[in-house]
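To keep things clear, I will list the structure first and then write my remarks on it.
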Number of protein chains: 2
Amino acid sequence: MPRMKPEEPNTHRTMHVVNHIRGLIENGTLQPGDKIPPEREFARTLKISRASLRTGIGYLAAMGVMKIRHGVGTFVADGPPEFGKASLSLMGALHGFQSWQMFEARIILESHLAALAAERGKEEHHAALAEEVAEMFATLDSPADYLIHDLLFHRLVSQASGNPILAALIETITSALYDKRRKTVERSTDRRESAEMHREIYKAIRARKPLDARKLMDQHLRMAQAAQGMERPAERRGSAAGQRHKPARLTAVASD
Amino acid sequence: MPRMKPEEPNTHRTMHVVNHIRGLIENGTLQPGDKIPPEREFARTLKISRASLRTGIGYLAAMGVMKIRHGVGTFVADGPPEFGKASLSLMGALHGFQSWQMFEARIILESHLAALAAERGKEEHHAALAEEVAEMFATLDSPADYLIHDLLFHRLVSQASGNPILAALIETITSALYDKRRKTVERSTDRRESAEMHREIYKAIRARKPLDARKLMDQHLRMAQAAQGMERPAERRGSAAGQRHKPARLTAVASD
DNA sequence: CCAGGATTAGAGGTCAGACCACAAGTATAC
DNA sequence: GTATACTTGTGGTCTGACCTCTAATCCTGG
């Protein structure tokens with residue numbers, strides 16, 4: 001019984017769609033912000049059912065590569081690179097991620113990011129950073145506004161680092177941490193000190209002093225960490241969290 | 001305004017499903033490795049169509065939270081935490097990630113991971129690491145086998161760090177780098193030196209010397225980076241937006 | 001002429017049920 | 001006793017009709 005099927009037309013439609021779109025992106029046919037054809041039409045083009053096409057698009061959307069707008073169309077993501085928003089959150093529920101672990105990851109990544117920004121930052125980055133610092137000082141009385149510029153500052157540092165992958169990683173973690181941050185900022189009374197630290201970080205980056213930038217960022221984040229009670233708890237002991245005043249000691253900042 | 005809507009029965013079915021399953025995971029009803037009910041039955045339970053349920057499950061599968069096995073069932077992921085496999089790869093195509101950037105991220109993360117492992121590693125981790133080092137020395141003549149133990153060693157370091165988030169990040173990057181690695185290992189002639197370095201790293205971790213571990217890991221990775229020609233290229237013009245070149249060919253060693 | 005509401009066109013979202021493909025276990029033939 | 005064939009359970013795909021949302025357009029009253 002001869003196999004009349006030399007090729008493999010099945011290969012899971014989902015991946016077929018994913019790879020097709022991936023190809024369109026890689027060869028430049030599709031660029032960030034572009035709109036893809038309507039589902040019915042696109043499905044006909046690819047010779048598959050609309051349902052399968054939707055599965056594939058859903059897959060891409062879940063990873064943040066595509067953005068679907070009901071009633072309007074489906075587009076290629078264009079904002080700052082970021083992994084699936086719910087991703088970290090979901091995995092947190094699954095693998096028991098702790099807040100302090102997220103913060104620890106953030107500290108490590110962002111400290112290095114600051115160092116890289118100091119090494120590679122361009123004039124434009126410096127200018128943008130300076131502006132955000134100014135805005136922070138100008139909004140010391142408005143927690144909500146202050147937080148916005150705080151976030152912007154950190155995002156700019158990411159961009160200035162010149163490594164979009166690390167930036168995407170940080171962006172993902174930060175967004176997962178955002179809710180908790182907003183709550184604490186409200187009752188934070190040391191915004192002045194915070195702004196001051198940002199200014200120091202900015203100066204270090206501008207002066208192209210990687211080690212200083214790294215150290216200052218590390219210091220700044222540890223302070224924020226403490227303010228939000230996200231230190232690493234002492235060895236696995238007690239159960240529920242009450243107030244803890246345990247000084248947690250993490251990895252020392254070592255200079256290369 | 002007669003249209004008071006106390007509840008919101010629509011809220012996009014997809015998210016309905018995602019949140020439902022998320023809840024089951026958070027309250028412990030569903031644990032890693034568990035099998036969820038068959039689609040037809042589950043759909044009936046949730047009062048939605050099978051198609052919608054599948055969309056939701058697809059979303060979770062795309063992020064690596066669920067694992068689907070055709071003809072068998074759908075399960076909650078159980079392996080080491082990892083973000084969507086294709087995630088980084090897709091985003092790379094979209095935002096023009098470069099190999100050297102991935103490697104840079106890896107170096108930064110893994111160096112710290114080594115330091116953390118030195119601080120927090122338990123006896124069991126030390127034993128497992130020792131074994132992998134031994135295996136590496138035993139497979140110096142078999143590139144393929146050597147690579148396996150190399151990977152295992154690094155994964156163990158991640159686990160020993162006690163921070164599953166950082167481990168997941170590294171796992172994601174590493175898997176994206178895997179293909180290229182395999183190619184170069186083949187013609188690498190300095191496996192002995194490599195094994196030696198792993199041994200040094202192991203010793204530093206066991207001796208609980210974070211700074212040494214970090215330094216050694218950093219050194220080891222930079223060497224690997226050089227061996228694979230993934231260093232950061234000299235200054236070059238870069239536009240932040242989506243300028244299209246042809247990133248098809250990266251700095252990586254040519255595919256044989 | 002100019003709001004501002006009603007209509008309409010286009011796109012994604014959902015549904016239903018039939019049928020296909022794959023993996024395992026079970027029964028049957030030898 | 002082993003190998004093949006059948007049965008069952010589960011995910012994968014297709015069809016095509018209908019629902020909902022958005023935005024552009026038209027139409028009406030001022």
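Residue numbers start from 1 in every chain, and the chains themselves are labelled A, B, ... in the order their sequence lines are given, proteins ahead of strands. What you see is a predicted model, and the numbers here were worked out from it, not measured in a lab.
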Surrounding CD of B:E131 (heavy atoms of other residues, nucleotides or ligands, distance under 6.0 Å), is the total greater than 12?
no
When you measure from the side-chain N and O atoms of A:R40 to the phosphate of C:dG12, is any distance below 4.0 Å, counting only OP1 and OP2?
no
Quick one: B:R44 CZ to C:dG17 P, roughly how many Å, whole number?
12 Å
Could you tell me how far apart A:E39 (CD) and D:dA17 (P) are, to the nearest whole angstrom?
17 Å
Check whether any side-chain nitrogen or oxygen of B:R69 sits under 4.0 Å from OP1 or OP2 of C:dA24, and answer yes or no.
yes
Length of the line joining A:H12:NE2 and D:dG11:P, which is rounded to integer Å
14 Å
In whole angstroms, the gap separating P of C:dA23 from CD1 of B:I68 amounts to 15 Å
Measuring from the side chain of A:A51 (C-beta onward, heavy atoms only), which nucleotide among D:dT22, D:dC18, D:dC14 has the closest atom?
D:dC14
Using a distance-only test with no angle check, is there a side-chain donor-acceptor pair under 3.5 angstrom linking A:T174 and A:R155?
no
Please tell me which of the listed nucleotides, D:dG11, C:dG13, C:dA11, lies nearest to the side chain of A:R50?
C:dG13
From the set D:dG11, C:dT14, D:dT15, return the single nucleotide nearest to any side-chain atom of B:S52.
C:dT14
Rounding to an integer number of Å, can you tell me how far A:H70 NE2 sits from D:dT22 P?
7 Å
What is the distance from NZ of A:K35 to C1' of C:dG12, rounded to the nearest Å?
10 Å
If you check the A:S49 side chain, which of D:dT10, D:dT13, C:dC15 turns out closest?
D:dT13
Nearest-Å distance, CG (B:L53) to P (C:dC15)?
10 Å
Consider the side chain of A:P38, meaning its heavy atoms from C-beta on, and name the nucleotide among C:dA24, D:dA23, C:dA11 that approaches it most closely.
C:dA11
For the side chain of B:T14, starting at C-beta, report the closest nucleotide among C:dT14, C:dA24, D:dT10.
C:dT14
Taking atom P of D:dT13 as reference, at what distance in whole Å does atom OH of A:Y59 sit?
13 Å
Shortest non-hydrogen contact between A:V17 and A:S52, atoms and distance:
CG2-O, 4.3 Å
I'd like to know if the side chain of B:E171 pairs up with that of B:S158 as donor and acceptor (distance under 3.5 Å, no hydrogens or angles considered).
no
Tell me which nucleotide among C:dG12, D:dC14, D:dG12 gets nearest to the side chain of B:R54.
D:dG12
Partners of A:F97 by ring pair (Phe, Tyr, Trp, His ring centres under 6.0 Å), sequence neighbours excluded?
none
Which residue lies more 5' along DNA chain C, comparing B:I48 with A:E41 via nearest heavy atoms:
A:E41
So what does A:T74 touch, heavy atoms closer than 4.0 Å: a base, only the sugar-phosphate, or nothing?
sugar-phosphate
